[in-house]
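Taking it in order: structure first as structure tokens, then the write-up.
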Number of protein chains: 2
Amino acid sequence: MKPDDLNPAPVAPARPGQHKHCPVRDVLDRLGDKWSTLILVTLAQGPQRFNALARSVPDISRRMLTETLRHLERDGLIWREVTPSTPPSVRYGLTPLGNSLMPPLKGLIEWAQRHQPKILAARTRFDGSRRKA
Amino acid sequence: MKPDDLNPAPVAPARPGQHKHCPVRDVLDRLGDKWSTLILVTLAQGPQRFNALARSVPDISRRMLTETLRHLERDGLIWREVTPSTPPSVRYGLTPLGNSLMPPLKGLIEWAQRHQPKILAARTRFDGSRRKA
DNA sequence: CTGTATCCTGAGAGATACTG
DNA sequence: CAGTATCTCTCAGGATACAG
């Protein structure tokens with residue numbers, strides 16, 4: 001493989017004061033946060049309303065759900081559709097951009113599922129050999 | 001007493017009992033942390049010594065470098081080879097498992113690079129339309 | 001050179017209560 | 001129903017000093 005592909009932009013310092021944005025960091029940070037990925041894969045199965053999402057993603061608080069949805073919307077990964085009825089209803093769904101993230105994300109998810117046993121085994125091995133005397 | 005950094009997943013749901021540990025979460029949490037991906041990508045270009053890594057990943061502190069390397073080693077993604085010379089030298093490199101992560105990871109990185117302009121545009125649009133009156 | 005041990009701060013995230 | 005507003009607490013992670 002071409003090494004250069006794996007050594008993309010000089011990685012941003014990610015430090016205060018200097019925000020040279022590394023696009024990769026940008027994406028991975030979002031994926032790394034606690035709920036974004038969960039919401040994305042949930043929405044990948046079809047648009048959902050706010051409360052439906054809250055139910056699909058157990059243990060998420062309203063606050064975090066709102067916040068995460070806003071982030072994803074801001075990044076153009078999901079859309080938000082308000083129907084001003086009474087009571088109001090709001091639907092969320094993946095944009096084309098959001099959908100385009102799914103294949104690579106799926107790749108990662110599949111990797112995770114396939115290799116989880118190996119990871120768990122490695123941890124056990126590591127912890128075992130590290131057991132304090 | 002200091003909390004052991006290598007203790008079992010602290011990332012589990014805040015509420016114990018409710019939700020099983022999701023393997024995907026497991027992986028994404030690691031990728032989401034600040035340095036793991038950078039180190040993996042760097043090591044994908046070949047084994048490196050501790051200080052070489054520190055130089056390749058600017059702005060990482062020794063503490064975080066050590067800690068991240070330990071995590072990755074524990075998960076079986078990288079190996080660690082100590083040569084007890086004076087001064088000692090330690091090399092790190094990807095294991096086969098670590099290498100198997102590269103393709104999906106690379107997929108994500110490429111997505112990020114390709115779509116960054118769209119994301120930035122979406123943000124500008126969002127922030128613009130949200131400007132409070 | 002390759003780490004460990006502490007200390008400290010700030011962002012992330014839970015609980016709760018209120019509003020349109 | 002779909003959010004917003006606080007308050008608080010934890011903990012990732014930076015700085016620094018020490019150690020084998």
Side-chain angles (χ1 to χ4, degrees), chain A residues 11-19 25 28-39 47-73 78 80-92 130 132, chain B residues 1-19 25 28-39 47-73 78 80-92 130 132:
Chain A
V11 177
R15 299 280 318 295
Q18 168 118 307
H19 58 42
R25 158 115 304 148
L28 289 175
D29 278 354
R30 198 113 311 287
L31 261 41
D33 78 18
K34 197 166 180 178
W35 304 109
S36 292
T37 309
L38 248 24
I39 290 177
Q48 300 263 351
R49 293 181 48 180
F50 186 87
N51 268 5
L53 274 171
R55 263 175 271 112
S56 297
V57 185
D59 291 329
I60 193 173
S61 64
R62 281 168 168 21
R63 187 172 101 69
M64 288 318 295
L65 181 53
T66 302
E67 189 172 311
T68 308
L69 287 168
R70 283 289 176 284
H71 276 302
L72 295 172
E73 186 194 358
I78 65 174
R80 178 172 180 270
E81 180 200 65
V82 183
T83 305
S85 48
T86 41
S89 115
V90 182
R91 286 171 77 230
Y92 295 89
R130 287 251 151 180
K132 267 347 246 291
Chain B
M1 194 53 184
K2 134 184 199 325
D4 192 351
D5 294 327
L6 295 175
N7 263 346
V11 250
R15 303 295 218 34
Q18 256 274 22
H19 225 40
R25 157 116 306 147
L28 289 174
D29 278 353
R30 197 111 313 286
L31 260 41
D33 79 17
K34 199 166 180 180
W35 304 108
S36 292
T37 308
L38 289 182
I39 290 177
Q48 301 262 352
R49 292 182 46 181
F50 187 87
N51 267 7
L53 274 171
R55 264 176 272 109
S56 298
V57 185
D59 292 328
I60 192 173
S61 64
R62 280 177 169 62
R63 185 170 103 67
M64 288 318 293
L65 182 53
T66 302
E67 187 172 312
T68 307
L69 287 168
R70 283 289 175 286
H71 277 304
L72 295 172
E73 186 194 358
I78 66 174
R80 178 172 180 269
E81 179 200 65
V82 183
T83 306
S85 49
T86 43
S89 115
V90 183
R91 287 172 76 231
Y92 295 88
R130 283 254 153 180
K132 272 324 187 162

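All chains are named by letter (A, B, ...) in the order of the sequence lines, taking the proteins before the strands, and each is independently numbered beginning at 1. Atom set for the values below is all heavy atoms of this structure, side chains included, hydrogens, waters and symmetry mates excluded.
Close to dG3(D), at under 4.0 Å from its OP1 or OP2, lies a side-chain N or O of Arg80(A). Between Arg70(A) and dG3(D) there is a side-chain N or O to OP1 or OP2 distance below 4.0 Å. Between Arg63(A) and the phosphate of dA17(C), there is no side-chain N or O to OP1/OP2 separation shorter than 4.0 Å. Contact between the side-chain N/O atoms of Tyr92(A) and the OP1/OP2 oxygens of dG3(D) is found at a separation under 4.0 Å.
Of the candidate nucleotides dG14(D), dG20(C), dG3(D), dG20(C) has the atom nearest to the side chain of Pro88(A). Proximity note for Asn51(A) (side chain, C-beta onward) versus dG13(D), dT2(C), dA2(D): the nearest is dA2(D). Candidate nucleotides dG13(D), dA2(D), dT2(C) were compared by shortest atom distance to the side chain of Asp33(B), and dG13(D) ranks first. Closest to the side chain of Arg49(A), out of dA2(D), dT2(C), dG14(C), is dA2(D). The listed nucleotides are dG14(D), dG14(C), dA2(D); the one nearest the side chain of Ser61(B) is dG14(D). Residue Thr66(B) has its side chain nearest to dT4(C) when only dA2(D), dG13(D), dT4(C) are considered. Which of dA13(C), dC1(D), dA2(D) sits closest to the side chain of Pro87(A) comes down to dC1(D).
Here the C1' atom of nucleotide dT2(C) and the CD atom of Glu81(B) are 14 Å apart, to the nearest Å. Atom CG in Leu65(B) sits about 17 Å away from atom P in dA12(D), given to the nearest Å. One atom, CZ of Phe50(B), and another, C1' of dA19(D), lie 14 Å apart when rounded to the nearest Å. Separating the CD1 atom of Ile39(A) from the P atom of dA2(D) is a distance of 14 Å, rounded to the nearest angstrom. Put simply, CD1 on Ile60(A) is 14 Å from C1' on dA2(D), counting in whole angstrom units. Between the NZ atom of Lys34(B) and the C1' atom of dG12(C) there is a distance of 14 Å, rounded to whole Å. Taking atom CZ on Arg62(B) and atom C1' on dT16(D), their separation rounds to 12 Å, with Å as the unit. Glu67(A) places its CD atom 16 Å from the C1' atom of dA2(D), with the value rounded to the nearest Å.
Residue contacts shown for Ser89(B) are limited to sugar-phosphate atoms, with no base heavy atom under 4.0 Å away.
Inter-residue side-chain proximity for Leu53(B) and Leu69(B) is flagged as met; some heavy-atom pair is nearer than 4.5 Å.
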Checklist entry - Does the pair Ile39(B) and Ile60(B) meet the rule for a side chain to side chain contact (heavy atoms under 4.5 Å, CB included), with working shown? => result CA-CA 10 Å; Ile39(B) 290 177; Ile60(B) 192 173; 4.2 Å; yes
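Each of Glu73(B), Arg80(B), Glu81(B) was scored for a side chain to side chain donor-acceptor pair (under 3.5 Å) with Tyr92(B), with one residue passing: Arg80(B).
Side chain of Thr37(B) to backbone of Leu31(B): a donor-acceptor contact under 3.5 angstrom is found.
Closest non-hydrogen pair, Val82(B) versus Pro84(B), comes out as O-CD, 3.6 Å.
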